[in-house]
Asker: 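Below are the structure tokens for one structure; questions will follow.
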Amino acid sequence: MSTPAITPVFVRLKLSLLRNGLRQSGGRKAAYITSAVCALLFAALQLIGLIALRGHAHAESVTVLAVAVLGLGWAVMPLFFPSGDETLDPTRLVMLPLRPRPLVRALLTASLVGIGPLFTLCLLVGSVVAVARGGVAFAVGAVAVVLALLVCVAFARAVAVANVRLLTSRKGRDLAVLSGLVIAIGAQIVNFGAQRLGASGLGELDPAAEVLRWVPPASAIGAVHAVSEGSYGLAAAQVALTAAALVALLAFWSRHLTRLMTSPDGSTLPSAESAARERSSTGLGRLLPPGRTGTVMERSLRYVWRDPKTKAAWVTSLAIGLIVPVFNAWQGTGSVYFACFAAGMLGIQMYNQFGQDTSAFWMVAMTISSTRDAYVELRARAYALLVITLPYATLVTVLTTAMLGDWRRLPEALGLSFALLGAMLATGAWTSARFPYSIPQEGYKNVAPGQTGLAWISIFGGMMAAALLCAPVIALTIWLNVSADGDDWRWLPLPAGTAYGAALAAAGLKLAAPRTARRLPEILAAVSKG
């Protein structure tokens, strides 16, 4: 009796998952359609741009680098977006009587269904058209497109299956917080590289392309160019290298898939030794003040380290707060005042303090019975934020100043940063009590449905108010830069900005405390909505 083919079944399963996912809500359908249209439009423009490179002296360098970056994206995609594709988790199939090799073929074929593979196909086709010259080159290009596409998909699957126990655990989902860091750094690197290419030309890409043309899947595009140049031996070696990479990835995938489906899952069971060590660890508590203040600070800092959504927000803010001033200083187009971006990004973490607790806020609400309790709670949360923000903002400001060599403006930049931080602590405490909103724990949304308006008012309204509150320190800084006697008083913004920021923070906490104590039921209902 012959075994029925399972590949068509898995393709239909993938299509059903996509279709049923779109039926869950109109918002999800709209988001998917919008993202699909944007991705396909970008793919079409990219295809046209690559075709326009045909005949350019550095077309091979551009296409090789583009395909190499594309392959890297496929490799890291399962780590940053583990829930982006339900079929990336083969543990859901462990109870089915499926053999590894047919399962690998079925999953590989099903992986070719979606926007990502179509986008990849457009880029690969455009790359081949850009570098191929002659019928033989286009024939090799057809093989290269298939091999490169399969390498990309197999790479993603191999990474996913090797880390699936981690990615489907609670701690493993924390890897997704790195996506904000990677996106932030990648955007600045792309910006910096574009400026360099605009000044120096595409010839800057040639050294990197010389290396990457031997790295799959970019080696497939290198083979097409080699055939166009008449180097058939070189092309054969690059095609063979790409094919060998595909075979190795499929073997790696099959071996880990067999191990995954035949071995027990112990990844989420902590050892007794580690559990005891965690229970006995009180180092953080010993460094904090006694009483409610220390308890609230420790809870807030543990949220930063353990809660995925809170950690994601902090990682992104830390990364962007450093990248924007440092990259601009590196390019020679920045200013020491850009360092205030670090204080601004971290100050945002003071907004919606109670929403970060989600439904667990009811336990905090039970401990608040007076304005004094609310004030201590808010003050301790502000202290926890300052533990990270003050040294970080200082470090970024000093680093930016050192890169620019403009040491005389260091007191001004520090004073502005501290004043801005104090203003954001003040407005953040007030808006947390006045405009709380829920942060869903599942998925990538940061605002519960129906509360988007509250989030905009809380964050952007609070930021505008903070900027207005900093007007005196900004005016002082401007006066020092335009006044003839300003050089003698450049030290003044540092103590003035520090004192002013501390006064603003204290006043904001005092104003927010009675409102928090009065509105506890409304706050609890708002933050528990999601």
Side-chain angles (χ1 to χ4, degrees), residues 43 46-76 108 111-112 116-159 189-190 193-194 196-197 200-254:
Q46 189 172 239
L47 176 61
I48 295 172
L50 289 171
I51 294 175
L53 277 177
R54 181 174 174 81
H56 195 279
H58 302 288
E60 189 221 3
S61 298
V62 174
T63 55
V64 165
L65 283 171
V67 174
V69 171
L70 182 69
L72 179 63
W74 275 94
V76 302
L108 182 64
S111 299
L112 297 175
L118 181 58
F119 178 89
T120 304
L121 181 63
C122 290
L123 187 144
L124 293 173
V125 170
S127 299
V128 169
V129 174
V131 299
R133 293 195 301 273
V136 177
F138 276 103
V140 173
V143 177
V145 167
V146 174
L147 285 177
L149 179 60
L150 292 178
V151 165
C152 289
V153 175
F155 209 166
R157 287 289 180 174
V159 171
I189 291 176
V190 170
R196 288 287 302 272
L197 290 177
S200 306
L202 295 178
E204 292 283 328
L205 302 177
D206 291 344
E210 286 291 335
V211 177
L212 292 177
R213 65 165 52 103
W214 291 99
V215 178
S219 55
I221 303 301
V224 178
H225 180 263
V227 170
S228 301
E229 297 293 320
S231 302
Y232 296 104
L234 179 63
Q238 290 173 319
V239 169
L241 180 61
T242 308
L246 176 61
V247 172
L249 286 171
L250 292 177
F252 178 87
W253 180 10
S254 179

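Note that this is a predicted model, so its numbers are computed, not measured. Heads up: numbering here begins at 1 and tracks the sequence.
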Asker: Checking the side chain of Ser254 only, and the main-chain atoms of Leu250 only, is there a donor and an acceptor separated by less than 3.5 Å?
Answerer: no
Asker: Please confirm whether the backbone N or O of Gly126 pairs with a side-chain atom of Arg54, one donor and one acceptor, at under 3.5 Å?
Answerer: no
Asker: Write down the atom of Ala132, the atom of Val224, and the distance for their closest heavy-atom approach.
Answerer: CB-CG1, 3.7 Å
Asker: Rounded to the nearest 0.5 Å, what separation is found between the CZ atom of Arg213 and the CG atom of Leu234?
Answerer: 8.0 Å
Asker: One pair to check against side chain to side chain contact (heavy atoms under 4.5 Å, CB included): Val215 and Leu212. What are the steps and the verdict?
Answerer: CA-CA 5 Å; Val215 178; Leu212 292 177; 4.3 Å; yes
Asker: If you compare all heavy atoms of Ala59 against all heavy atoms of Ala130, which two are closest, and at what distance to 0.1 Å?
Answerer: CB-O, 4.1 Å
Asker: Within this structure, what is the OG-NE2 distance for the pair Ser61 and His56, rounded to the nearest 0.5 Å?
Answerer: 10.0 Å
Asker: Let's go through Leu123 and Leu47 carefully: what are the C-alpha distance in whole Å and the side-chain angles of both, what is the deciding distance for side chain to side chain contact (heavy atoms under 4.5 Å, CB included) to 0.1 Å, and is it a yes or a no?
Answerer: CA-CA 6 Å; Leu123 187 144; Leu47 176 61; over 6 Å; no
Asker: Return the minimal non-hydrogen interatomic distance between Trp74 and Ala156, and the atom names on each side.
Answerer: O-CB, 3.3 Å
Asker: Closest approach of Val131 and Ser228, non-hydrogen atoms and distance?
Answerer: O-OG, 3.0 Å
Asker: As an exercise, state the distance from CH2 of Trp253 to CG of Leu246, rounded to the nearest 0.5 Å.
Answerer: 10.0 Å
Asker: If every non-hydrogen atom of Leu108 is compared with every non-hydrogen atom of Ala154, which pair is closest and at what distance?
Answerer: CD1-N, 4.2 Å
